[in-house]
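Everything on this sheet refers to the single structure shown next.
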Amino acid sequence: MENQVLDTLFNHRSIRNYQDKKLTNHQISQLLQAAQQASTSQFEQQFSVISVTDPAKLQVIADVTTYDLVKNAGHYFLFIADQHRNSQILKHIDPNVDTMNLHSTDKLLASIHDVDLALQSMLTAAESMGLGGVIMGSIYNDVDKIIDTFKLPELTFPVLGLALGYPDENPEIKPRITSEIIHYENEYNDQIDYNELTNYDNQVHAYYANRKHGAREESFTHHLMHDLKQSPVRKGILPALKRQGFLKF
C-alpha cells in the first residue's frame, strides 16, 4: 500500500541549488503551521522562527556559513531556542515571579529539542510540497555575529538555519549506516560489526565516486577521521550560551 509520508521521508536529500523563484506567503504560512504542530516539550513551545528577507542580513549568514546559497533560496528561516518569550509572559502575569529555572540546562535542552522537532516537521512538509532544502548548523561558525545581527535577547539562542526553495538539482540519495549498527534492544551495545561497517564504507565510497556533482574519494570512516583532525572553529558556542543567560545550573 502506498504511503506518501514514508515516500517523502525515504527520499530526503539536501538541496543546495534552487530555481530563481521565491516561496509565496501562503506556502510560508503552511510551513510555519507544520512547524508549530510538531511535538513540543511540556507544551511550552520554546522556539521562535525568523524569516530572513533582508539582503544585508542574508549576506551576513552567507559570510558566517560560507554558503552563498542562502541568498538564492526561495526562503530562509532561522530557528531560535527561545525561553525569553515565556519569561516575558510569566513576568506579565506576575512581575515578582522567579524565572531562574528558565536559565537552566534542562530548559536549554528543552528549547533546542523544540527547535529540532519543529524544523524537521517544516522540512518534511516542504518536501511533500515539491520543495527542497538544507539544514545549516554552520551558523555556529560565528554565533556571536548571528546573535548581534538578529538582536537576540537573553534566553534565546540560534540553533539552526533552514534554506528552502524549488530544487534546481536532483542529487542522489546519500546512503545511511545500517540499522544493525545503530539499533539495539533494551541496552546499549558497543560491539560494532566491522564487516557491516566495511560494507557501508564501500556504499559511501561508491556514492561519492559516482555522484553527478562533486565526485570525490570518500568513505564514512575517512570522513570521521578527517573531521576529527580539523581545527575547531566553533569555540565560541559555550561562551555565547552563557552570554545569553543559559547554563546557570
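Quick note: residue numbers are just sequence positions, from 1.
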With a 4.0 Å cut-off, would you call D82 and R85 a salt bridge?
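A salt bridge is present here (some side-chain N lies under 4.0 Å from a carboxylate O).
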May I ask you to say whether E154 pairs ionically with R243, meaning some side-chain N is under 4.0 Å from a carboxylate O?
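No, E154 and R243 are not salt-bridged.
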Give a yes-or-no answer on whether the side chains of [X] and [Y] include a donor-acceptor pair shorter than 3.5 Å.
X    : Y    : answer
H205 : E218 : no
D63  : Q59  : yes
Q33  : S29  : no
Q19  : D168 : no

What I'd like to find out is whether the side chain of [X] reaches to under 4.5 Å of the side chain of [Y], using heavy atoms alone.
X    : Y    : value
L69  : Y18  : yes
Y140 : V159 : yes
I139 : V143 : no
F220 : T198 : no

Positive for side chain to side chain donor-acceptor pair (under 3.5 Å) with Q46, one of D114, N86, T156:
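It is D114, the one option of D114, N86, T156 that forms the side chain to side chain donor-acceptor pair (under 3.5 Å) with Q46.
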Indicate, with yes or no, if [Y] and [X] share a hydrophobic cluster defined by side-chain heavy-atom contacts under 4.5 Å among Ile, Leu, Val, Met, Phe, Trp and Tyr.
X    : Y    : value
Y207 : I15  : no
F79  : I237 : yes
L224 : I177 : yes

Which residue is it: H92, K91, H84? I am looking for the one with a side-chain contact (heavy atoms from CB on, under 4.5 Å) to Q88.
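When side-chain contact (heavy atoms from CB on, under 4.5 Å) is applied between Q88 and each of H92, K91, H84, only H84 qualifies.
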Please determine which of L31, L164, T124 meets the side-chain contact (heavy atoms from CB on, under 4.5 Å) test together with M129.
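Option passing the side-chain contact (heavy atoms from CB on, under 4.5 Å) with M129: L31.
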Where do N170 and R13 come nearest, in terms of heavy atoms and distance?
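Looking at all heavy atoms of both residues, the shortest contact is OD1-NH1, 3.0 Å.
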When the ring planes of F77 and H75 are compared, do they come out parallel, tilted or perpendicular, using 30° and 60° as the limits?
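Ring orientation of F77 relative to H75: tilted.
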Does atom [atom1] of [X] have more than 12 heavy-atom neighbours, drawn from other residues, nucleotides or ligands, at distances under 6.0 Å?
X   : atom1 : answer
K57 : NZ    : yes
F43 : CZ    : no
D20 : CG    : no
N11 : CG    : yes

Rounded at 0.5 Å granularity, tell me how far CG in D148 sits from CZ in F150.
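Rounded to the nearest 0.5 Å, the CG-CZ separation comes out at 11.0 Å.
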Within 45 degrees of the ring normal and closer than 6.0 Å to the centroid, is that where the cationic atom of R216 sits relative to Y208?
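The answer is yes, since R216 meets both limits relative to Y208.
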